[in-house]
Amino acid sequence: MKTATGIITLVQEGRFRLATDDGPPLLLVLSKSADAEPQDLPALQRAQARVTVRYEDAGTVIAGIVHHLAPMESRR
Amino acid sequence: MTALIPDESALTAGTTVRPGRRYGFFTDTTLCIGCKACEVACKEWNALPADIPGLTGMSYDNTVDLSADTWRHVLFVEKIAPQAGGERVTTMPPFQSNWLMMSDVCKHCSPAPCLEACPTGSLFRTEFDTVVVQQDICNGCGYCVPACPFGVVDLNLSDGKAHKCTLCYDRLKGGLEPACAKSCPTDSIQFGEIDDLTERARGRVEELRGLGRDDAYLYGAPGTPGATGGIERLNAFFLLTDRPEVYNLPEHPTRPAERFAPGMAAGLAAVAGLTLAAALLFGRNGGGDGGRP
């Protein structure tokens, strides 16, 4: 399982683009077992909150399947 | 979302988007050049993941089909089979007669079989007369998948929900033209109010017939092939120049709900018949046994 941290820049349904801190942006899809729902994503995007995700590569498409998503503690 | 330019669709598509009106696509396949700009625009706007690159061997069609992650699909039909006389086709009449291309999409049927099959109300008809899946309500039962006569709706196994074209519902709410229609360089995909599009499409058919293309016809407009079997019209309709099956479209699509009443009647008739037969058979035997000591 991979981990990435960044800011959600785009949300469509359960899909979102994550501008990561240390690499290219990722297109991610919430899995059915994720601890977040599609309706949670727009608020995170509007707040420009930094989030951390744990994901795995999808087999058939170029995207990551997110199993865990949580806002990061704000940096001081 | 809020558009930077109010009523931008008036500038790009010649129509303003207002709730309560009916909107859709008219796809003129004779204008499609197979550039796939619509596929790319759709994927970009809707944040749909790209398929793993690969060659299918199906002409220039490596998208293959509509799916949960592909809401626009440019179909390539190369008509290179030998003619009836056994000779290989060596000439190319005008208007892509030997090479057909069509950008396929959800038809946003009216009435919509997928919507009728949805038990949770996740699929609903919007204020623009389009059909959209609400992701927070979809429970992934998949009833909508076989209900669609065009094979459009698909389940994403990653998130367990049904997905299909929304006709860019978020863009419509912001007064924007759908991404695919806006990106189409030849206006093969035209967005607008259904009545306007239908009138425009009928004029285009007459124009093509005047140019000698007697095989041009509309598929999905009211009273045309595709608007059959209880489906009154397709809000995304097409101008075709060959049989619907050539474009991977059913010749006579039907609503499953149309088959419910005959199926139920046949089932009830069978039960009634079996009950009557059992009553006659066992009633007679039972009556004889009852008299024995």
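Just so we're on the same page: letters track the sequence lines, and every chain starts at 1.
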Asker: Given that the side chain runs from C-beta out, which part of Leu48(B) has a heavy atom under 4.5 Å from chain A: side chain, backbone, both or neither?
Answerer: both
Asker: So what's closer than 4.5 Å to chain A heavy atoms on Asn46(B): side chain, backbone, both or neither?
Answerer: both
Asker: Is it the case that more than 12 heavy atoms not belonging to Phe124(B) sit under 6.0 Å from its CZ atom?
Answerer: yes
Asker: Using a 4.5 angstrom heavy-atom cutoff, name the option from Val11(A), Val66(A), Leu28(A), Ile62(A) with the most pairs to chain B.
Answerer: Ile62(A)
Asker: Taking the basic N atoms (NZ, or NE/NH1/NH2) and the acidic carboxylate oxygens, is any pair closer than 4.0 Å for Lys2(A) and Asp57(A)?
Answerer: yes
Asker: Are any side-chain N or O atoms of Ser59(B) and backbone N or O atoms of Asp61(B), one a donor and one an acceptor, separated by less than 3.5 Å?
Answerer: no
Asker: Just wondering, are more than 12 heavy atoms of other shown residues or ligands nearer than 6.0 Å to CZ in Phe76(B)?
Answerer: yes
Asker: Any donor-acceptor pair under 3.5 Å linking the side-chain atoms of Ser33(A) with those of Ser31(A)?
Answerer: yes
Asker: At a heavy-atom separation under 4.5 Å, does Ile65(A) approach chain B through its side chain, its backbone, both, or neither?
Answerer: side chain
Asker: Among Glu13(A), Arg17(A), Gln39(A), Glu37(A), which residue has the highest count of heavy-atom pairs closer than 4.5 Å to chain B?
Answerer: Glu13(A)
